[in-house]
Amino acid sequence: MAYAADCDTRGPAATAAARPVTLKILVAGGFGAGKTTLVGAVSEIPPLCTEELLSGIGADADPLDGVDTKTSTTVALDFGRITLDTGHVLYLFGTPGQERFWFLWEELSAGALGAVVLADTRRLADCFPAVDFFERRGIVFVVAVNEFDGGHRYTAGEVREAVGLAPGVPVVHCDARLTGSATAVLAELVHHLLSTAAPAVPAQPTDRGEPT
Ligand SMILES: Nc1nc2c(ncn2[C@@H]2O[C@H](COP(=O)(O)OP(=O)(O)OP(=O)(O)O)[C@@H](O)[C@H]2O)c(=O)[nH]1
Ligand SMILES: [Mg+2]
């Protein structure tokens, strides 16, 4: 990248204009909540996935209760991309759900603009660690209830109360398999990010008459 920039004869302004701003969003949540599914549903490129087959040995570390039909799990990350316009590209990073891979969350969250916490109401407590993680780091997030077949349908208010969310955190319902539904979750996150963004403070002039 640096080499390309150095060799660009069109000048810094043209180089900057040619490079879109990249915005990083995380998709987190409990084991089997639908993170890989959501990233795949919205990505404009075939998503990069790091799925490995679930084994009996792994089940000792991470019980498969409630997700017994699941055959694979994310062991590192999911990656997808959405081009918003010529100047902005969204990079989506899905986190691994199994507890033994949580150590990766810290690195995956570096530079994240915001996050989606996917919740499965059949195992709602599984989303608590992700909620705690983003709350502690001050990363803006929304909770998306992925409505699995056969799961009880709770209202957003009931989910908010059960998870103990701060009043401003949006709770939306979705089907992570559907592009339109998953895209609506991301749109909700963008709205929330815009509403929570601190107003820009104009730079104060220095003695040299230049902005600080
Ligand atoms: N019925 C239904 N099934 C879903 C939905 N979302 C995901 N699934 C299925 O649930 C299973 C688990 O989905 P994944 O996307 O692998 O879940 P994950 O959160 O990435 O799982 P880990 O990475 O292992 O934590 C897959 O078989 C999906 O097809 C949904 O909204 N409805
Ligand atoms: Mg996954």
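Quick note: numbers below take in every heavy atom, side chains included, and nothing from hydrogens, waters or symmetry partners. Whatever order the structure lists ligands and atoms in, that order sets their numbers, starting from 1. Residue numbers count from 1 along this sequence.
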Compare Ala28, Gly32, Cys174, Ala144 and give the one whose heavy atom is closest to atom 22 (P) of ligand 1. Gly32

I'd like a table of donor-acceptor pairs (distance under 3.5 Å, sequence neighbours excluded) in which one partner is a side-chain atom from residues 138-149, with atom names and distances.
residue: Asn146; atom: OD1; partner: Ala176; partner atom: N; Å: 3.0
residue: Asn146; atom: ND2; partner: Ala33; partner atom: O; Å: 2.8

Are the side chains of Pro129 and Trp102 in contact, using a 4.5 Å heavy-atom criterion? yes

Protein non-hydrogen atom below 4.0 angstrom of atom 27 (O) of ligand 1 present: no

Quick one: nearest non-hydrogen protein atom to atom 6 (N) of ligand 1, plus distance? Asn146 ND2, 3.0 Å

Given Thr36 and Asp78, is the side chain to side chain donor-acceptor pair (under 3.5 Å) satisfied, shown in steps? CA-CA 6 Å; Thr36 301; Asp78 311 300; 3.0 Å; yes

Which residue and heavy atom of the protein sit nearest atom 17 (O) of ligand 1, plus the separation: Gly34 N, 3.2 Å

Would you say Leu92 and Leu26 make side-chain contact, with heavy atoms under 4.5 Å? no

Atom 30 (C) of ligand 1 touched by protein (heavy atom, under 4.0 Å): yes

Going by the atom numbers of ligand 1, which of them fall below 4.0 Å from some non-hydrogen atom of Ala176? 6 (N), 31 (O)

Taking the side chain as everything from C-beta on, heavy atoms only, tell me whether Val75 gets closer than 4.5 Å to Phe101. yes

Heteroatoms of the protein, restricted to N/O/S, which lie under 2.8 Å from the Mg ion (ligand 2): Thr36 OG1, Thr74 OG1

Do ligand 1 and Phe31 have nitrogen or oxygen atoms that lie under 3.5 Å from each other? no

Any donor-acceptor N or O pair under 3.5 Å, side chains Glu51, Thr73: no

Show every donor-acceptor pair shorter than 3.5 Å between a side-chain atom in residues 108-120 and any protein atom, with sequence neighbours excluded, or say none if there are none.
residue: Ser109; atom: OG; partner: Trp105; partner atom: O; Å: 3.2
residue: Ser109; atom: OG; partner: Glu106; partner atom: O; Å: 2.9
residue: Asp120; atom: OD1; partner: Arg122; partner atom: N; Å: 3.0
residue: Asp120; atom: OD1; partner: Arg122; partner atom: NE; Å: 3.1
residue: Asp120; atom: OD2; partner: Arg122; partner atom: NE; Å: 3.2
residue: Asp120; atom: OD2; partner: Arg122; partner atom: NH2; Å: 2.8
residue: Asp120; atom: OD2; partner: Arg123; partner atom: NH2; Å: 2.8

Contact between Arg136 and Phe134 at the side-chain level, heavy atoms closer than 4.5 Å - yes or no? no

Is the shortest side-chain heavy-atom distance between Leu84 and Val89 below 4.5 Å? no

Can you tell if the side chain of Thr95 reaches within under 4.5 Å of the side chain of Val27, non-hydrogen atoms only? no

Ligand-side contact atoms (ligand 1) for residue partner Lys70, heavy atom cut-off under 4.0 Å: 12 (C), 14 (P), 16 (O), 17 (O), 21 (O), 22 (P), 24 (O)

Would you say Thr73 has any N or O atom under 3.5 Å from an N or O of ligand 1, going by distance alone? yes

May I ask you to check whether over 12 heavy atoms, not counting those of Glu44, lie within 6.0 Å of atom CD? yes

Closest protein heavy atom (residue, atom, distance) for atom 15 (O) of ligand 1: Thr37 OG1, 2.5 Å

Please say whether Asp78 places an N or O atom under 3.5 Å from an N or O atom belonging to ligand 1. no

For atom 25 (O) of ligand 1, which protein heavy atom lies nearest, and how many Å away is it? Lys35 NZ, 2.9 Å

Tell me the protein heavy atom at minimum distance from atom 8 (N) of ligand 1, and give that distance in Å. Phe148 CE2, 3.4 Å

Taking the side chain as every heavy atom from C-beta outward, state whether Leu54 and Lys70 have any atom pair closer than 4.5 Å. yes

Using distance alone, decide if ligand 1 has a nitrogen or oxygen within less than 3.5 Å of any nitrogen or oxygen in Thr95. no

Sequence neighbours excluded, every pair satisfying ring pair (Phe, Tyr, Trp, His ring centres under 6.0 Å) that has a member inside residues 161-188: none

Does Arg137 count as lying over the ring of Phe133, i.e. NZ or CZ under 6.0 Å from the six-ring centre, within 45 degrees of the axis? yes

Can you list the ligand 1 atoms lying under 4.0 Å from a non-hydrogen atom of Asp149? 1 (N)

Please determine if Glu51 has a nitrogen or oxygen closer than 3.5 Å to a nitrogen or oxygen of ligand 1. no

Heavy-atom distances under 4.0 Å decide this one: backbone, side chain, both or neither, for Thr74 against ligand 1? both

